Amino acid sequence: MNTYSRLPVTFVKGEGVWLWDDCGERYLDALAGVAVCGLGHCHPRLTKAICEQAGKLIHTSNLYHIEKQEQLAERLTGLSGMDNAFFCNSGAEANEAAIKLARLYGHNKGISLPTIIVMERSFHGRTMATLTASGNRKVQAGFEPLLTGFVRVPYNNMEAITQVAVNNKDIVAVLVEPFQGEGGVNIPEAHYLQALRNLCDQYGWLLMLDEVQSGIGRSGKWFAFQHSNIIPDVMTLAKGLGAGVAIGACLAKGIAAEVFKPGNHASTFGGNPLACAAALETLMVINEEDLLNHVTKLGDFMRDGLRHQLQDVSGVVQIRGQGLIIGIELSMPCGELVKKALEKKLLINVTSDKVIRLLPAFVMQQAEAEQVIDITCSLIREFLNG
Ligand SMILES: *Cc1c(COP(=O)(O)O)cnc(C)c1O
């Protein structure tokens, strides 16, 4: 269907941070399949793990125990401090699970119209519940009626959310991204998550973090919440989890981990042996290649480099990010830069109209990062001066 306005290129091969099109032209990839391919393209260990699992067992359904799924749950709960996990196939599905969990949690407490607090400029997916939760009219328009049971507050604003708290007895949870990706690479102030944690504890709400984009190493820690001193009640993952193989997860802790009972939620494909083998190998490679440290260092290096080259360029509003999510906000819409970069054989993204977004693979080397910085800065200068 006509759901995408695609760029005029077809990639047929990938290796590390490089992609080749069907004419044999090579491109430098600073987007990694929109925060998915953290290990770069076709990391030999990931390819091997997928091939080995595909030769052994691909799918059996969740009617039976699945060894690799149990190992993955063990690993993810160990890394995060959460208690258990439900597996699905995408970020939207992971958030659907979280939303259903929060509603059931509310009903179990005798709240018949459970309400979830969501944020302005948030993005949680394209299913009916997740587009309702998203703070972006563009993903909602034309799909009304939306769901009920959500209230929206400004992101990174404790005053507004505290106001809502006093006036609404139906609230059961807060759903929030530790930093906003699609909404323009928005990093909240340092104590925001801690303040939300305190508020949730005070009112008995579930703190539900959408780590679909921020999780699995992107921020320089396994999960972005680990930059603060909290643990959420619910956390959702997808994008980078399978490094290109479709898998999502909803993790829960404490009282939230007890909410779902057999029959409450399910997925046919979710957590099958193939997807879990890919995710397990992804986590292993991130660990063994010490990629979290590399993400932190390379992210700082790239932001420094961008700031240095763009410091005197008027029209550059702010350069921000955490680890290897990098946003460069301009003073005017700059969507056309994506195509201009493509002509220079560089893959970048623009989100929220004015924010150039870089999401490189964790395996990018400094020399490659320098190329990304040089090309991006020359495109920005050209764009703002022309
Ligand atoms: C991409 C994204 C989603 C949606 O994930 P899909 O796999 O496309 O359904 C949800 N939340 C956040 C924060 C995302 O970045």
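All ligand and atom numbering here is 1-based and tracks the order in the structure. Because the structure is predicted, anything quoted here is derived from the model rather than measured.
Neither the backbone nor the side chain of A238 comes within 4.0 Å of ligand 1, counting heavy atoms alone. Proximity of N95 to ligand 1, defined as any heavy-atom pair under 4.0 Å, is confined to the side chain (atoms from C-beta onward). Counting heavy atoms closer than 4.0 Å to ligand 1, residue H124 contributes backbone atoms (N, CA, C, O) but none from C-beta onward.
Against a heavy-atom cut-off of under 4.0 Å, Q213 is close to the following atoms of ligand 1: 15 (O). Close approach to E177 involves these atoms of ligand 1, each under 4.0 Å from a residue heavy atom: 13 (C). Close contacts of ligand 1 with D210, meaning ligand atoms under 4.0 Å from a residue heavy atom, involve 10 (C), 11 (N), 12 (C), 13 (C). Interface of A92 with ligand 1, defined as ligand atoms under 4.0 Å from a residue heavy atom, comprises 4 (C), 5 (O), 6 (P), 9 (O). The contact set between ligand 1 and S90, taken as ligand atoms under 4.0 Å from a residue heavy atom, comprises 7 (O), 9 (O).
I255 and F86 are members of different hydrophobic clusters when ILVMFWY side chains are connected at heavy-atom separations under 4.5 Å.
At under 3.5 Å, not a single nitrogen or oxygen of E93, backbone or side chain, sits near a nitrogen or oxygen of ligand 1. On a distance-only criterion, F123 and ligand 1 share at least one N/O pair closer than 3.5 Å.
The ring pair (Phe, Tyr, Trp, His ring centres under 6.0 Å) analysis of residues 103-122, with sequence neighbours excluded, yields no pairs.
Remark: S214 pairs with P178, F179, E211, A224 by the side chain to side chain contact (heavy atoms under 4.5 Å, CB included) rule, at least two apart or across chains.
Salt-bridge formation is not detected for the pair K109/D170: no Lys NZ or Arg NE/NH1/NH2 atom is positioned less than 4.0 Å from an Asp or Glu carboxylate oxygen. A salt bridge is absent between E281 and R75: the closest approach of a Lys/Arg side-chain nitrogen to an acidic carboxylate oxygen does not fall below 4.0 angstrom. Salt-bridge check for E52 with K56: failed, with every basic side-chain N at 4.0 Å or more from each acidic carboxylate O.
Looking from atom 1 (C) of ligand 1 to the surrounding protein, the closest heavy atom is K239 NZ, 1.5 Å. Taking atom 7 (O) of ligand 1 as the reference point, the nearest protein heavy-atom neighbour is G91 N, 2.8 Å.
With L358 as reference, M302 is the one residue of R303, M302, M364 to meet the side-chain contact (heavy atoms from CB on, under 4.5 Å) rule.
Remark: side-chain polar atoms of S90 are not paired, donor with acceptor, to backbone N or O of C88 under 3.5 angstrom.
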